[in-house]
S.K.: 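Structure below; questions to follow.
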Number of protein chains: 2
Amino acid sequence: MARSKGVTIRDVAQRAGVSVAAVSMALNGTGTLSAATRLRVRAVAEEMDYQADALARGLRRSSVGAIGLVMRSLDSLGEYAPRGVDVFSRYIGAVSAQAMDRGLSVMLVPDLTKRPTPPLALSLDGYIVTMPHVDDPVVELLERREIPYVTLGRDPDRPEFTDWATEDEQLSFRRIYEHFAANGARSIALVRGTDPNAWNIDSEATYRAWCESAGITPRVYRSAERAGERGGESVAHTIVDDGVPDAILCHTGRQAAGVLVGLTARGVAVPDRTMLAAASDSEHTRHSRPAISAVELHAVETTLALLDLLQARIAGEPSAGPVLTTSRFRIRASSRRTHPSA
Amino acid sequence: MARSKGVTIRDVAQRAGVSVAAVSMALNGTGTLSAATRLRVRAVAEEMDYQADALARGLRRSSVGAIGLVMRSLDSLGEYAPRGVDVFSRYIGAVSAQAMDRGLSVMLVPDLTKRPTPPLALSLDGYIVTMPHVDDPVVELLERREIPYVTLGRDPDRPEFTDWATEDEQLSFRRIYEHFAANGARSIALVRGTDPNAWNIDSEATYRAWCESAGITPRVYRSAERAGERGGESVAHTIVDDGVPDAILCHTGRQAAGVLVGLTARGVAVPDRTMLAAASDSEHTRHSRPAISAVELHAVETTLALLDLLQARIAGEPSAGPVLTTSRFRIRASSRRTHPSA
DNA sequence: TTGAAAGCGCTAACAC
DNA sequence: GTGTTAGCGCTTTCAA
């Protein structure tokens with residue numbers, strides 16, 4: 001409340017014997033000041049440990065040096081600290097760390113459209129929106145308020161929007177199918193999530209295209225992201241009932257871990273009877289028995305790209321996106337066969 | 001930049017046919033307005049989708065509805081997204097989620113004392129500082145700027161400071177020692193970290209006290225937090241060289257996992273030859289072979305307490321701290337013996 | 001090259 | 001009850 005607001009620009013001006021305008025110019029490198037005053041003012045500011053008030057500055061410049069991060073997957077998960085799922089939180093860490101390197105702070109913001117709107121949310125310089133939905137209200141809001149944003153994963157509604165980056169999931173998916181095929185798989189099932197984001201939509205399309213080219217009949221199963229391992233487990237039963245395929249690819253590590261449990265319960269051996277893989281790595285894939293092959297996401301690279309895009313966007317520069325980064329498919333026991341062609 | 005700043009208080013005032021002051025009062029429930037105008041103004045504001053500018057408001061009220069989270073352990077780890085360590089990130093998630101429920105946004109702020117200071121850092125309403133150090137410059141800065149803060153883990157320098165919460169680690173530690181003792185341990189070694197925070201200081205004290213009361217000679221080893229599993233591994237060799245104790249307690253899950261690797265390399269069987277446990281759970285403890293007994297931290301409870309304390313502190317109310325929450329010691333294979341007294 | 005002054009959007013005294 | 005007004009700390013014309 002009645003907090004000591006620290007050294008203000010007036011204090012510096014007074015001490016340096018110049019006007020506040022001069023101080024502002026000196027510190028921001030703007031205007032036409034003599035090198036002498038500029039230096040003197042800077043010295044005084046330094047000495048007084050002056051720090052410009054971000055709020056006041058923001059009020060004038062309408063830019064505060066902070067960006068927002070809104071994780072749509074978490075919003076729809078309904079839980080912000082899911083156990084064993086370190087993907088999101090590592091992502092938060094990665095974004096914060098990278099942003100800090102650029103002098104940007106990161107604010108984690110929940111669904112912006114839910115009232116009351118988090119204070120400051122509308123005052124941030126820009127946003128990183130992860131995995132936007134179809135008809136995403138958050139995107140719609142940012143668009144309407146003309147707040148710059150970039151997305152992790154393309155916006156499924158706007159093919160013309162190019163400020164996004166992602167790990168090249170479609171490439172990874174194809175690699176996995178090929179890996180399965182090389183190990184003798186003739187039938188492959190896909191377990192996807194239900195969030196209507198590009199990740200789910202595009203990978204199903206990739207899957208169907210691949211099936212078509214390989215002459216395989218597609219088998220697509222759905223399990224809500226928030227159902228986690230349980231969802232995977234129950235899907236496993238359905239899959240077994242439908243007839244065990246040669247291989248199963250799950251979108252998330254949690255789903256895959258659940259599927260593994262379900263398969264095991266039904267006496268289906270992995271990888272001998274059917275192979276298993278996940279399109280995103282997590283604690284679950286790394287530590288299931290057998291360990292589950294999975295795509296290791298490299299949050300850092302993608303984050304760097306996103307920050308570049310966002311900063312360009314904020315600066316009003318033309319978009320250089322989209323950016324696709326490559327991730328690594330790590331083969332583990334769940335899809336490793338001693339006899340390549342069974 | 002030239003962003004459409006949205007609906008301002010003047011727009012609302014004009015439309016409602018009142019002064020800006022009236023609008024401010026109506027929306028904030030302050031002053032003496034007739035119920036009629038208050039309602040009318042609110043209706044108009046609602047209709048126009050008016051949202052007060054957080055910066056302008058903050059400039060006047062010096063409070064922005066956002067708090068900072070500064071994680072000293074991460075600062076000293078030198079890495080903001082360590083792999084497999086979900087404690088921190090789950091903590092970030094927990095804080096964000098809880099804070100959001102209270103209408104607070106959370107900004108992850110790196111070491112505040114490093115220049116350049118993150119914008120907004122000094123304008124936040126308060127701070128949660130996790131695991132402050134001895135002579136912690138961040139604490140010192142907050143103190144000097146009179147910014148309210150609470151800490152996760154006590155401030156080792158200020159016994160009189162009571163605005164902190166923590167899981168009752170000392171209780172957990174004693175439980176572990178008793179568990180070891182009940183399984184026949186006569187000698188127990190402690191592997192602690194090197195960060196000079198309360199967690200390290202107090203647990204060593206607890207250990208020594210317990211040893212004294214049990215008539216056991218203390219054996220304390222140190223491994224820097226940032227050395228992770230490698231550090232634990234190398235400590236294991238030292239421990240073996242010094243003579244294998246009946247049980248080993250490590251502070252972190254990473255250390256414990258490393259120690260396990262080291263012990264195994266030296267042919268020391270766990271839990272048969274020596275038992276092992278960790279004072280904080282992580283992916284490493286859950287999935288080592290054998291799985292390592294560990295204290296499961298309940299971030300949510302502690303976070304709730306911290307937010308209560310912080311909000312009281314911000315409101316200028318007296319401190320209700322410190323708050324100790326209890327965590328659960330989960331016994332896993334690394335300390336489970338078939339013959340209780342070996 | 002510098003200073004004075006307007007004003008960003010809001011809150012809170014103080015008039016009326 | 002309600003309106004007028006003076007700032008919060010800063011940036012940025014515009015004069016001097």
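Order of the sequence lines fixes the chain letters, A, B, ..., with proteins taken first and strands second; residue numbering starts at 1 for each chain. Source: prediction; values computed, not measured. What you see below is based on every heavy atom in this structure, not just the backbone, and it leaves out hydrogens, waters and symmetry mates.
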S.K.: Taking only N and O in the side chain of A:Thr37, is any of them less than 4.0 Å away from OP1 or OP2 of C:dT2?
M.R.: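 Answer yes for this pair, as a side-chain N or O of A:Thr37 is under 4.0 Å from OP1 or OP2.
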S.K.: Check the side chains of A:Thr113 and A:Asp111 for a donor-acceptor pair under 3.5 angstrom, ignoring hydrogens and angles.
M.R.: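 A:Thr113 and A:Asp111 do have a side-chain donor-acceptor pair below 3.5 Å.
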S.K.: Distance check needed: D:dG7 P versus A:Leu59 CG, whole Å only.
M.R.: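 It works out to 17 Å between those atoms.
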S.K.: Is the distance from OP1 or OP2 of C:dT11 to the nearest side-chain N or O of B:Thr30 less than 4.0 Å?
M.R.: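 Checking C:dT11 against B:Thr30, no side-chain N or O comes under 4.0 Å of OP1 or OP2.
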S.K.: Of all the choices, D:dG3, D:dC10, C:dT11, which nucleotide is nearest to the side chain of B:Ala22 once you look at every atom?
M.R.: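 Closest of the options to the side chain of B:Ala22: D:dG3.
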S.K.: Check the distance between D:dT4's P and B:Arg10's CZ and give it to me in whole angstrom.
M.R.: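 Going from B:Arg10 (CZ) to D:dT4 (P), I get 12 Å.
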S.K.: To the nearest Å, how far apart are B:Arg38 CZ and D:dT2 C1'?
M.R.: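 In whole Å, D:dT2 C1' and B:Arg38 CZ are 12 Å from each other.
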S.K.: Just N and O in the side chain of B:Ser34: are any of them under 4.0 Å from OP1 or OP2 of D:dT2?
M.R.: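 So the side-chain polar atoms of B:Ser34 do come within 4.0 Å of the phosphate oxygens OP1 or OP2 of D:dT2, strictly under.
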S.K.: Which residue, B:Gly31 or B:Arg60, contacts DNA chain D at a nucleotide closer to its 5' end, judged by nearest heavy atom?
M.R.: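 Final value for this comparison: B:Gly31.
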S.K.: In whole Å, I'd like the distance from the CG atom of B:Asp53 to the P atom of C:dG7.
M.R.: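 Those two atoms, CG and P, are 18 Å apart.
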S.K.: In whole Å, what is the span from the CD atom of A:Gln14 to the P atom of C:dG3?
M.R.: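 The distance from CD of A:Gln14 to P of C:dG3 comes to 13 Å, rounded to the nearest Å.
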S.K.: Examine the side chains of A:Gln51 and B:Thr117 and answer whether a donor and an acceptor come within less than 3.5 Å of each other.
M.R.: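 There is such a pair between these side chains.
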S.K.: For D:dT11 and A:Arg57 - does any side-chain N or O of the residue sit under 4.0 Å from the phosphate oxygens OP1/OP2?
M.R.: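 For A:Arg57, the contact criterion (side-chain N or O under 4.0 Å from OP1 or OP2 of D:dT11) is met.
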S.K.: With the threshold set at 4.0 Å, does a side-chain nitrogen-carboxylate oxygen contact exist between B:Arg102 and B:Asp308?
M.R.: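 Salt bridge between B:Arg102 and B:Asp308, a charged N being under 4.0 Å from a carboxylate O: yes.
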S.K.: Between A:Arg144 and A:Glu140, does any NZ, NE, NH1 or NH2 come within less than 4.0 Å of an OD or OE carboxylate oxygen?
M.R.: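 Yes, A:Glu140 and A:Arg144 are salt-bridged.
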S.K.: So A:Ala21, base contact, sugar-phosphate only, or nothing? Heavy-atom distance under 4.0 Å.
M.R.: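 If one applies the 4.0 Å heavy-atom cut-off, A:Ala21 turns out to touch a base.
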S.K.: Using whole Å, what does the distance between atom C1' of nucleotide D:dG9 and atom CG of B:Leu122 come to?
M.R.: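 After rounding, the reported distance stands at 14 Å.
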S.K.: B:Leu27 has an atom CG; how far is it from atom C1' of C:dA12, in whole Å?
M.R.: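 Taking CG of B:Leu27 and C1' of C:dA12, I get 15 Å after rounding.
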S.K.: How about CD on B:Glu143, more than 12 heavy atoms from neighbouring residues, nucleotides or ligands closer than 6.0 Å, or not?
M.R.: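 More than 12 within 6.0 Å, yes.
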S.K.: So which one's nearest nucleotide on DNA chain D is more toward 5', A:Ala52 or B:Leu33?
M.R.: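 Of the two residues, B:Leu33 wins.
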S.K.: Which listed nucleotide (C:dT11, C:dG9, D:dG1) is nearest to the side chain of B:Arg61?
M.R.: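 The answer is C:dT11.
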S.K.: In this structure, how many angstroms lie between the C1' atom of D:dG9 and the CG atom of B:Leu55, rounded?
M.R.: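 Spelled out: CG on B:Leu55 to C1' on D:dG9 is 12 Å.
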